[in-house]
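One structure is given here, and the rest of the page talks about it.
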Amino acid sequence: MAFPEDVLSADEHVVLHLHPHWKALIRPVLVVALAIAAVVVGAVLLPEGDGGTIGLYVIAGIGLALVLWLSLWPFLVWRTTHYLFTNERVVLQQGVFHLDRRDIPLKRVNDHTMNQHFVERLLGCGTLTIESAGERGQTVLNDIPNVGQVQTKLYELVEADHDKHSLGEDELREVLADAREGKPLRDPS
């Protein structure tokens, strides 16, 4: 499922759109390969006749159930998990049947840290923790691909958002001069 563009505001644009790292798909692919191998081995080794056919059907049924449970479901979860970084917020969305979405406005991001274990460094992924003002506090994003670059981009987005919403030195001088002269406050934008 693609991320719906209609959840973005008028001036908002996507900077990064990520899914969890591909390492989440290693086990599902291995399960499919093992299920196919089990069916092939069963077809070769089981005796001909009714007993062998029933055994092959049992192996194929178990293999299919394992593929659906341990391969298809994790793939759907991976595919429907979105980490979206825009010029205004971070959007976290996941869910196959039940949809959960969390928005973290960039102006509320207080801190962000990344963590990589040795194997994650080799694979190029890691954990990004975003601390935001509010009741939920920290949000942990696991298996972020290129986590170092993502953290740097998040820093740039937070700084750009801060600069956009704060007065520059010249604008502050104008507001103070207007206040001294008794002029009404005006919108500097």
Side-chain angles (χ1 to χ4, degrees), residues 1-26 28 72-117 120-179 183-189:
M1 173 197 330
F3 192 85
E5 296 292 324
D6 62 345
V7 301
L8 302 177
S9 66
D11 296 333
E12 189 174 16
H13 63 273
V14 175
V15 177
L16 287 173
H17 181 191
L18 306 169
H19 292 282
H21 191 265
W22 57 263
K23 79 174 189 170
L25 299 176
I26 292 173
L72 182 60
W73 185 254
F75 172 76
L76 291 174
V77 169
W78 174 83
R79 187 72 181 113
T80 58
T81 300
H82 300 273
Y83 304 129
L84 198 71
F85 296 81
T86 74
N87 60 321
E88 295 181 8
R89 60 190 166 152
V90 178
V91 181
L92 314 169
Q93 178 175 301
Q94 62 185 12
V96 178
F97 298 118
H98 175 82
L99 182 65
D100 288 320
R101 183 182 299 148
R102 175 158 188 223
D103 294 356
I104 304 172
L106 293 176
K107 65 184 171 197
R108 290 186 162 259
V109 173
N110 294 334
D111 188 30
H112 43 86
T113 58
M114 72 152 224
N115 183 4
Q116 284 182 307
H117 300 290
E120 291 175 328
R121 289 186 73 185
L122 293 176
L123 294 174
C125 64
T127 301
L128 180 66
T129 304
I130 302 173
E131 185 176 319
S132 61
E135 63 185 48
R136 288 194 179 177
Q138 290 188 342
T139 301
V140 179
L141 309 176
N142 294 310
D143 296 331
I144 299 293
N146 302 315
V147 69
Q149 294 171 355
V150 172
Q151 183 190 23
T152 300
K153 182 54 77 176
L154 178 59
Y155 173 78
E156 292 169 357
L157 290 170
V158 169
E159 288 300 310
D161 185 69
H162 175 70
D163 291 345
K164 181 173 81 173
H165 290 100
S166 60
L167 293 176
E169 197 172 305
D170 294 334
E171 295 167 325
L172 186 57
R173 282 191 188 123
E174 286 179 33
V175 169
L176 290 174
D178 288 348
K183 293 180 183 176
L185 292 178
R186 58 185 169 85
D187 186 12
S189 53

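Between Asn142 and Tyr83 the shortest heavy-atom distance is O-OH, 3.4 Å. The minimum heavy-atom distance between Val90 and Leu154, with the atom names listed, is CG2-CD1, 3.8 Å. The two residues Leu18 and Pro145 have their closest heavy-atom pair at CD2-CG, 4.4 Å. Across Trp78 and Pro20, no two heavy atoms sit closer than the pair NE1-O, 2.6 Å. The two residues Gln93 and Leu99 make their nearest non-hydrogen contact at CG-CD1, 3.3 Å. Across all non-hydrogen atoms, the minimal contact from Thr86 to Leu157 is O-CD1, 3.6 Å.
Between Leu84 and the choices Val15, Val91, Leu16, the side chain to side chain contact (heavy atoms under 4.5 Å, CB included) rule is met once, by Val91.
The local environment of CG in Asp11 is sparse, with at most 12 non-hydrogen atoms from other residues, nucleotides or ligands closer than 6.0 Å. By the neighbour-count criterion of 12 heavy atoms within 6.0 Å, atom NZ of Lys164 is densely surrounded, having more than that number from other residues, nucleotides or ligands. In the displayed structure, Arg121 atom CZ is contacted under 6.0 Å by at most 12 heavy atoms of other residues, nucleotides or ligands.
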For residues 104-115, run the donor-acceptor check on the side chains, cut-off 3.5 Å, and write out each pair with its distance to 0.1 Å, sequence neighbours left out.
from: Arg108; atom 1: NH1; to: Ala133; atom 2: O; distance (Å): 2.9

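Looking only at side-chain heavy atoms (C-beta outward), Gln151 and Ile144 stay at 4.5 Å or farther from each other. Residues Asn87 and Asp161 fail the side-chain proximity criterion, which asks for heavy atoms closer than 4.5 Å.
Taken to the nearest 0.5 Å, the CD atom of Gln116 stands 9.5 Å off from the CG atom of Leu122. Here the straight-line distance linking atom NE2 of His162 with atom CD of Glu159 works out to 6.5 Å at 0.5 Å rounding. Note that CD1 of Ile26 is 6.0 Å distant from CG of Leu123, once rounded to the nearest 0.5 Å. Taking CZ of Phe85 as the start and CG of Leu92 as the end, the distance is 7.0 Å to the nearest 0.5 Å.
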Next item on the list: Show your working on side chain to side chain contact (heavy atoms under 4.5 Å, CB included) between Arg101 and Val7 and close with a plain yes or no.
Entry: CA-CA 11 Å; Arg101 183 182 299 148; Val7 301; 3.3 Å; yes
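Note: His21 and His19 fail the aromatic proximity criterion, with ring centroids not under 6.0 Å apart.
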